[in-house]
Amino acid sequence: MTTAPAKPTDPAIQKTLRTGWLLLAIALPLGVTLEALHGFKVQAYLASEMRREMWRLAHAHGTLLGILCLVFAAVADAHVPQVIRGRVAAFIRWGAVLMPLGFFLGGVLNSEGDPSLGILLVPVGALLLVVALVRVALAPRPR
Amino acid sequence: MGSRRLVLTACLAAAPLAVGLVLALGHDVRRAEAARPLFERDQDYVGASACRACHPDHHASWRRTFHASMTQLPDRTTVRGRFDGTAVTAFGASATPFARDGRFFFQLPAVGGDGPREAEVALTVGSRRYQQYFERVDGPSGTVYRRLPLLWHIGEGRWMHMNGVFLESDDDDWSKHQAIWNANCVFCHNTGIAPGLKPDGDSGNKRFDTHVADVGIACESCHGPARAHVSLYTSPVARYGAARGRGGPRAIVDPLRVGQAQSAALCGQCHAQRIPDPVDKIWTFLDSGPTFRPGGLLAGHVKTLTRDTDVPPPGDPDTFRERFWGDGTARLTAYEYVGLTQSPCFRGGTFSCASCHTMHAGDAAGQLAPDRLGDRACTQCHAAIARDVSAHTHHAPASSGSRCVECHMPRIVYGVLDIHRSHRVEVPDVARDVEASRPNACAVCHTDRDAAWVADRMRDFWGARYRRPEGGAPETAEALASLHAGDPVQRAVYVAALGRADSGVPAGARGFALANAMVGLGDAYGAVRFLARRSALALDQSLKLGIGGDLAAYDVQAGRDVRDPALQALLQRFAVAARERLAPPPAGLFVKPDWQLDLERIRPLLGSQSRHVISVGE
């Protein structure tokens, strides 16, 4: 007989956990789709080096940042002070969504040499993640 | 729970749906490429970008070649010329290349019945030695691309007029080389060609509606039309099956897996000047394009030109004959296939273009396979000679005289303002060559020696079967006699030979070569003057005479009113500098002891020069 795991009580952790799973649920099928496009040599995808690069990065970032969200949700209660937890969790969630989304949009309506303007979401997301990292690093440690 | 399932399903479906939507509605490189002027891929051809999906490395190695950029649509990345609004004067008139809004134009002078006008560049041809420009003209002949009078010489970094590029004497007619791309260049400089010359209703006229699968010489030029191959191998099962040796027909040609004749024909479809076989097939060629496909033989599609090929009426019967030396060896470029098939090495063996060249490796200039550079192209078969080169060559092992190609593929072929190697791989024979009015491999290097000296050395080295040539001027240096008295190709070959750094004449003793090269600066043919100036510059640099600045300023395309006084001044400066810095020249080399030209001997030779026009057919 199995028992359901205890549900986290902190709403920030709950949201981050949900975001992580959702990111994985989107990024993994994206990877499968890209593999299929390669497999069947779909010209509309393979002929654009820029689009291939952008969508590869979208898949990789979506997957890894989804895992980051899950890891954060797992360790936040013990290692991230309550006072900053909500803000840091929000930064991580938004960063984790904006980066792969920016890469994906960068491969939509792109030219041969440059991604589309959707790529601008990437540095915004990256900045949010860096800020989250810095805030956690500078927060006082529980004794 | 239902809501959670809905969210999960939406998430799982989001990416595939978004990808499908973007690919269906978004920018498509292939569609955009096919929508450009001239492109049409609805027949058997798919275009090079389709090949990249499975063969990215081969695509990249091809993309860097000059084949790929032979024909290009004009933009900032493809146009090599300096369209900076500076006027270019040549052959009695001026034109101004300029750019506007990212497009490229020439302001042209009045020519024939046309007044001064702007012509926009719609197409470029060439990317290695020089780049020619074509304008689009929509008229009674349909949409045609007409050659513009100026080209950009990439090596020289300067504009040149077409009239000074071919083997013909100076001419102020600016309309002389207005070739139509659709009926000429299109055949060898593009892929999947359909010139589209069709009757225009009942008018009795014909109009061009030209299409190509790719501008430039792309994958399908050598591998054949690829639509069936792409269709077959879109399936991963077919691809992996083929990789494991379980594939069916490949539906594509691998040039390395066809027979010798087919392999040579594949290059020969362009590297051989040819006429349709039979000749009236020309109308098929001008409509749906050449009928030869890689993997086949040229016979039945085209007849390659030789010295004995009859010129279809009403052409000049000498047109083809003059493109070959007297012994049938080609003396213009684009006859490499003819030379190859004339070579003893070709008979009954596997020797072919791919024995030395590769499309996917090595230096893009020459496209020699890296593992066959230098003598290795020959020693892969003639290994015994490689073990003791000097025993075979009777020259120092490291010298140019011991390089296989210098003797067996000498530089005696004119094309694109340069001198190239003959592709008739054979044994040199001075008597045969001189009697056929053909430059001899030894004389091209030993430019101070006469034919009798060459014959005597050949007999010393390789036996009594070599004899002195009959007739000619046995006591005169062969290179110099041909330079002054020869026909345009002889003059071009020898004036270029004078300036070679690896000449058989010691570096410090080449003052006579510079003096004689300067005679070439006054040649009636602009192409010869161009090569003469290049040689003179190289010789001045090697002799350190300090007249390089004046030589560089000598405009080979200026009118005689400018050139003649400049040449006189140059000759005087040369004589002064040579007297100061060089020992007196040996006798008999058309230079007096005071380094003045021996005009009493040179003038009679100049008077016997042949001045005919050689139809280069580039």
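In what follows, every chain begins at residue 1, and chains take the letters A, B, ... in the order their sequences are listed.
One finds the OG1 atom of A/Thr33 at 9.0 Å from the CG atom of B/Leu17 (value rounded to the nearest 0.5 Å). Going from atom CZ of B/Arg52 over to atom NZ of A/Lys41 covers 12.5 Å, rounded to the nearest 0.5 Å. Taking CD of A/Gln43 as the reference point, atom CZ of B/Arg31 lies at 12.5 Å (rounded to 0.5 Å). Here the straight-line distance linking atom CG of A/Leu46 with atom SG of B/Cys54 works out to 8.0 Å at 0.5 Å rounding.
Under a cut-off of 6.0 angstrom, the local environment of CZ in B/Arg36 is crowded, with over 12 non-hydrogen atoms contributed by other residues, nucleotides or ligands. Within 6.0 Å of CZ on B/Arg30 lie more than 12 heavy atoms contributed by other residues, nucleotides or ligands. For B/Leu8, the CG atom counts as densely surrounded, since its 6.0 Å shell holds more than 12 non-hydrogen atoms of other residues, nucleotides or ligands. Residue-environment remark: NE2 (B/His360) exceeds the threshold of 12 foreign heavy atoms within 6.0 Å.
Looking at A/Trp55, only its side chain comes within 4.5 Å of chain B, counting heavy atoms on both sides. A/His59 does not touch chain B: none of its heavy atoms, backbone or side chain, sits under 4.5 Å away. B/Ala24 does not touch chain A: none of its heavy atoms, backbone or side chain, sits under 4.5 Å away. With a threshold of 4.5 angstrom between heavy atoms, A/Leu24 does not approach chain B through any atom at all. For B/Ser49, the part lying under 4.5 angstrom from a heavy atom of chain A is the backbone only. Neither the backbone nor the side chain of A/Arg52 comes within less than 4.5 Å of any heavy atom of chain B.
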Begin from the C-alpha positions of B/Leu23 and A/Arg51 and carry the test side chain to side chain contact (heavy atoms under 4.5 Å, CB included) through to its verdict. CA-CA 10 Å; B/Leu23 296 186; A/Arg51 176 172 292 157; 3.6 Å; yes

Show your working on side chain to side chain contact (heavy atoms under 4.5 Å, CB included) between A/Phe104 and B/Val19 and close with a plain yes or no. CA-CA 9 Å; A/Phe104 185 82; B/Val19 165; 3.8 Å; yes

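Side chain of B/Arg239 to backbone of A/Gly39: a donor-acceptor contact under 3.5 angstrom is found.
Chain A forms the most heavy-atom pairs under 4.5 Å with one residue out of B/Pro16, B/Ser235, B/Ala18, B/Pro56, and that residue is B/Pro16. Per-residue counts of heavy-atom pairs under 4.5 Å with chain A were compared for B/Ala53, B/Ala15, B/Ala32, B/Ala10; the largest is that of B/Ala53. When the candidates B/Ala50, B/Ala13, B/Gly20 are compared by the number of heavy-atom contacts under 4.5 Å with chain A, B/Ala50 comes out ahead.
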